[in-house]
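Throughout, protein chains are lettered first and strands after them, A, B, ... in sequence-line order, and every chain is numbered starting at 1.
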2 protein chains.
Amino acid sequence: MSEEQMTIREMCDAYDVTPRTLRFYESKELLFPIREGQKRLFTKRDRARLKLILRGKRFGFSLEEIRQLLDLYDMGDQQATQLQRTYDVARQRLQDMEEQRDELNEAIDDLREQLKWGEQIIADFENDLKAAQ
Amino acid sequence: MSEEQMTIREMCDAYDVTPRTLRFYESKELLFPIREGQKRLFTKRDRARLKLILRGKRFGFSLEEIRQLLDLYDMGDQQATQLQRTYDVARQRLQDMEEQRDELNEAIDDLREQLKWGEQIIADFENDLKAAQ
DNA sequence: GCACTGCTTTACGTTAACGTAAGAGAGACG
DNA sequence: CGTCTCTCTTACGTTAACGTAAAGCAGTGC
């Protein structure tokens, strides 16, 4: 368990993912583990990328979108337009998320109303039951 | 185009969905159009339910979750146990939604941080460009 | 030498929410 | 009667992000 290179199992334990997931991410060009014989070895760069991938997923990004964002992190000599486009994608995503949150809050309020209803109905029913004894 | 009953096409035009979607919702027991011969006729109850379905989808609910919520809206003369169970489902759902909202808020904050980063990178880059002229 | 463990590739399976195509009945119109 | 338009049912196709066998190397322990 070198500090620099980790096996697939060490990665899985460290980041709580399956081997399949790591191989899948590699096939999608999100990770680039090196090979020792036939085995994969994940570098600290892969670990940094994986962290960002998992974070991106929590944000609700698709893997394809995440790949674009990773390119943003990676960039050194890219074109400004490309940069701007990726940035725009992220800003749009933020806006979507805020809208989604607002609607979610609305839905929560609605549901709370329904539940007050439900409580009332149940209370009435239980009263009737007691009265009927 | 009666006020009370609408054909599938009228529904599609009114709510911007496809016939396939309406039939699919019927197959999932989200809608209950009546039949005139072999044709479907959607009542105002179906329209009310469809509105709630579309709203639920915007909230990010699955169709199955929406069906449960619709049942909550529908309730009137159910049995107490059934009522209690449905109520519990709804309460659980509310809790899930609040958790989801909290995570979403966290994600939004994180993403905001990332974007500040992005802005910085872009600013630096543009500075370099100017300096490089 | 042989079993065991861990890794590999290949490739079909899964879920949600429809899309899409095929083939047919049914009423309206000219 | 023929054609058009609308609708119907049936059923396979699609996308994302992996899950889940199946079958086989490779190193390690005994």
Side-chain angles (χ1 to χ4, degrees), chain A residues 1-2 5-43 46-47 49-70 89 93 96-97 100, chain B residues 1-2 5-43 46 49-70 93 96-97 100 103 107:
Chain A
M1 45 173 123
S2 145
Q5 260 116 281
M6 289 171 61
T7 71
I8 200 167
R9 172 82 5 227
E10 289 167 345
M11 288 289 283
C12 292
D13 294 344
Y15 296 97
D16 193 34
V17 294
T18 70
R20 177 66 172 106
T21 298
L22 293 177
R23 297 191 191 109
F24 181 71
Y25 289 168
E26 183 187 7
S27 79
K28 291 289 175 177
E29 306 198 286
L30 291 163
L31 298 178
F32 307 97
I34 58 179
R35 294 302 176 104
E36 189 187 61
Q38 64 165 358
K39 297 189 176 180
R40 290 169 175 80
L41 287 179
F42 295 82
T43 69
D46 290 312
R47 293 196 291 276
R49 293 175 73 90
L50 181 53
K51 280 182 204 167
L52 291 172
I53 292 169
L54 297 177
R55 183 129 63 103
K57 287 195 55 180
R58 281 183 39 238
F59 294 164
F61 289 94
S62 72
L63 289 184
E64 177 52 29
E65 288 170 324
I66 290 173
R67 207 177 54 71
Q68 294 184 27
L69 290 176
L70 281 175
V89 166
R93 181 66 198 143
D96 289 353
M97 285 168 59
Q100 191 182 335
Chain B
M1 46 174 123
S2 145
Q5 260 117 278
M6 288 170 62
T7 71
I8 201 167
R9 172 73 17 217
E10 288 165 347
M11 288 290 282
C12 292
D13 293 344
Y15 298 95
D16 193 33
V17 293
T18 69
R20 176 64 172 108
T21 298
L22 294 177
R23 297 190 191 108
F24 181 71
Y25 289 167
E26 182 188 7
S27 78
K28 292 288 175 178
E29 305 197 285
L30 292 163
L31 298 178
F32 307 97
I34 58 180
R35 295 301 177 104
E36 190 186 63
Q38 65 164 359
K39 297 190 177 180
R40 290 168 176 81
L41 287 180
F42 296 84
T43 69
D46 290 312
R49 292 176 73 90
L50 181 55
K51 280 181 203 166
L52 289 172
I53 293 169
L54 297 178
R55 180 140 156 247
K57 288 196 53 183
R58 282 180 38 238
F59 294 164
F61 289 95
S62 72
L63 289 184
E64 177 52 30
E65 288 169 323
I66 290 172
R67 205 178 54 73
Q68 292 184 28
L69 290 177
L70 282 174
R93 180 60 201 149
D96 288 353
M97 284 169 58
Q100 189 182 334
E103 282 180 18

For D/dG19, does the base pair up with any side-chain atom of A/Arg20 as donor and acceptor (N or O, under 3.5 Å, distance only)?
yes
Between [N] ([atom2]) and [X] ([atom1]): distance, integer Å:
X       : N      : atom1 : atom2 : value
B/Lys28 : C/dA17 : NZ    : P     : 8 Å
B/Leu41 : C/dG27 : CG    : P     : 14 Å
A/Arg35 : C/dT8  : CZ    : C1'   : 8 Å
A/Met11 : C/dG6  : CE    : P     : 18 Å
B/Arg9  : C/dG27 : CZ    : P     : 20 Å
B/Leu54 : C/dC18 : CG    : P     : 9 Å
A/Phe24 : D/dG19 : CZ    : P     : 10 Å
B/Leu31 : C/dA17 : CG    : C1'   : 14 Å

Does a nitrogen or oxygen in the side chain of [X] sit under 4.0 Å from OP1 or OP2 of [N]?
X       : N      : answer
A/Lys57 : D/dA16 : no
A/Arg23 : C/dA11 : no
B/Tyr25 : C/dC18 : yes
A/Thr21 : D/dG19 : yes

Can you tell which of [options] lies closest to the side chain of [X]?
X       : options                : result
B/Ser62 : D/dA17, D/dG19, C/dA17 : C/dA17
B/Thr7  : C/dC7, D/dA17, D/dT7   : D/dT7
A/Leu63 : D/dG19, D/dC18, C/dG6  : D/dC18
B/Arg40 : D/dC8, D/dA26, C/dA17  : D/dC8

Might you point out which heavy atoms bring A/Phe42 and A/Arg47 nearest each other, and give the distance in Å?
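Answer, listing the atom of A/Phe42 first, then A/Arg47: O-NH1, 3.4 Å.
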Smallest separation among heavy atoms of A/Pro19 and A/Cys12, with atom names:
N-SG, 3.3 Å
How many angstroms lie between atom CG of A/Leu41 and atom CD of A/Glu36, to the nearest 0.5 angstrom?
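Those atoms lie 5.0 Å apart.
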Just by modelled atom types, is the B/Glu10 backbone N or O under 3.5 Å from a matching donor or acceptor in the B/Asp13 side chain?
no
Option passing salt bridge (Lys or Arg N to Asp or Glu O under 4.0 Å) with B/Glu26 (candidates B/Arg49, B/Arg35, B/Arg20)
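So, applying the salt bridge (Lys or Arg N to Asp or Glu O under 4.0 Å) to B/Glu26 and each of B/Arg49, B/Arg35, B/Arg20, only B/Arg35 qualifies.
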